[in-house]
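Here the structure is laid out as structure tokens; the discussion comes afterwards.
Chain letters run A, B, ... following the sequence lines, proteins first, then strands; residues in each count from 1.
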2 protein chains.
Amino acid sequence: MASNSKNIFKEILKKEGLRYTQQRQLVWDELKNSHDHRDAENIYMCIRNNGLNVSRATVYRTIDVLVKNRLVRKMDVGDGRNRFEPRLNDDHHDHMICQNTGDIIEFFNEELEILQEKIANDLGYTVVRHVHQLFVKPLTK
Amino acid sequence: MASNSKNIFKEILKKEGLRYTQQRQLVWDELKNSHDHRDAENIYMCIRNNGLNVSRATVYRTIDVLVKNRLVRKMDVGDGRNRFEPRLNDDHHDHMICQNTGDIIEFFNEELEILQEKIANDLGYTVVRHVHQLFVKPLTK
DNA sequence: TTCAGGATGAGACTCATTCTCAATAAGGAA
DNA sequence: TTCCTTATTGAGAATGAGTCTCATCCTGAA
Ligand SMILES: [Mn+2]
Ligand SMILES: [Mn+2]
Ligand SMILES: [Zn+2]
Ligand SMILES: [Zn+2]
């Protein structure tokens, strides 16, 4: 049901010893209702354009909690501001950024994931997290 | 000889229609004489501690030229400031960042490079550049 | 319903990087 | 060499994403 993600959110706040507030719910709603890779300002403005009011500080503070608890993923495309995407069904994927259109294409390749873990192991490490971004251009036919 | 990289640098400035200046040479010297992954402030301070004087603005401006012409590589480890490393013999490699020590370990894996190009191709793209960073922890024996 | 203490909002602040502009110095011409 | 045009430089102001402060507000346990 629609309230499932709300309950997950409430659980997390409880676990963190934080209170459930209107503002925190609004930020989470705004994030989970789009699959885009958006920056904090965009999330802030969308809430505001909806006639609701949550401060920038609260947007940032709430996103931190969401990222820490893996409900949201933080990413940096190299343009100086972080982007966020919801992560409801904890599926890992990496990104391809089209240099022509700015489109962000998601991809997942098991072989790649295994290979990078192997590379780390061979050097005496294990991968905790990783960033893999391909900046691409369309193939000319 | 030692002046080879200086000549390469002069060539690039000429090609870009820029003048050869003491300050620009000092920034390039500072960068090429270390294999570390350093931030702009570090480069600025090292030059200054050598009793020489180049402004921050010029350090940033010169690095831009070096990056554009592939004499220097720009990277972002996610701590809010860019890092730079020389790139004299245009060898590609990716990075592993140790979460415990902060060490940056370089690696290169042909198979990985080929695989990511294949992934892009399958989606109708070709890879122009990529970022691949593994945030790792030492394996416990 | 009460009320202690966590949460919020507005704006100050931080810090890396970029911009401004008057003064300086390359470097081609003669 | 000297001259002269114009790119370059330096100091500091400006920018912008993100963080912090603190007076006020609100949550939620009792
Ligand atoms: Mn994504
Ligand atoms: Mn490196
Ligand atoms: Zn991956
Ligand atoms: Zn690579």
- Query: With under 30° as parallel and over 60° as perpendicular, where do the rings of W28(B) and F9(B) fit, or are they tilted in between?
  - Reply: tilted

- Task: Answer with yes or no after comparing the ring centroid distance for H92(B) and H130(B) against a 6.0 Å cut-off, counting only values under it.
- Result: yes

- Message: Rounded to whole Å, please give me the gap between CG in N53(B) and P in dG12(D).
- Response: 12 Å

- Item | Span of DNA chain C, from the first to the last nucleotide whose atoms fall under 4.0 Å of chain B heavy atoms | dA16(C) to dG27(C)

- Item | side-chain hydrogen bond (donor to acceptor under 3.5 Å, both in side chains), paired with E85(B), selected from R38(B), K74(B), H93(B) | H93(B)

- Message: As an exercise, state the distance from CG of N42(B) to CG of L31(B), rounded to the nearest 0.5 Å.
- Response: 9.5 Å

- Qualifying salt bridge (Lys or Arg N to Asp or Glu O under 4.0 Å) pairs, either residue in residues 102-122 of chain A, two or more places apart: K118(A)-D122(A)

- Message: Angle between ring planes, H132(A) versus H132(B), binned at 30° and 60°: parallel, tilted or perpendicular?
- Response: parallel

- Item | Flag for R48(A)-Y44(A): side-chain donor and acceptor within less than 3.5 Å | yes

- Item | Student check: side-chain heavy atoms of M96(B) and F107(B) closer than 4.5 Å | yes

- Query: Got a sec, which pairs hit salt bridge (Lys or Arg N to Asp or Glu O under 4.0 Å) with one end in residues 19-29 of chain B, sequence neighbours left out?
  - Reply: D29(B)-K32(B)

- Output the residues of residues 15-25 of chain B in contact with DNA chain C, where contact means a heavy atom of the residue under 4.0 Å from an atom of the strand; sort by number or write none. R19(B), Y20(B)

- Query: Would you say D76(A)'s side chain and G78(A)'s backbone share a donor-acceptor pair under 3.5 angstrom?
  - Reply: yes

- Message: With a sphere of 6.0 Å drawn around NZ of K137(B), does it hold more than 12 non-hydrogen atoms of other residues, nucleotides or ligands?
- Response: yes

- Message: Using the side-chain contact (heavy atoms from CB on, under 4.5 Å) definition, which of the options V65(A), N69(A), I63(A), L71(A) pairs with V67(A)?
- Response: I63(A)

Expected rows: protein N/O vs nucleotides 15-18 of chain D N/O, under 3.5 Å:
unit_1, atom_1, unit_2, atom_2, d
dG18(D), OP1, N82(A), N, 2.8
dG18(D), OP1, N82(A), ND2, 3.1
dG18(D), OP2, Y60(A), OH, 2.8

- Terminal helix-axis angle for the helix from dT1(C)-dA30(D) to dA30(C)-dT1(D), with five pairs defining each axis and rounding to 10 degrees: 30°

- Give the C-alpha distance, both sets of side-chain angles, the deciding distance and a yes or no for side chain to side chain contact (heavy atoms under 4.5 Å, CB included) between I97(B) and L134(B). CA-CA 6 Å; I97(B) 299 98; L134(B) 311 183; over 6 Å; no

- Task: Could you tell me whether the phosphate oxygens of dG10(D), OP1 or OP2, come under 4.0 Å of any side-chain nitrogen or oxygen in T58(B)?
- Result: yes

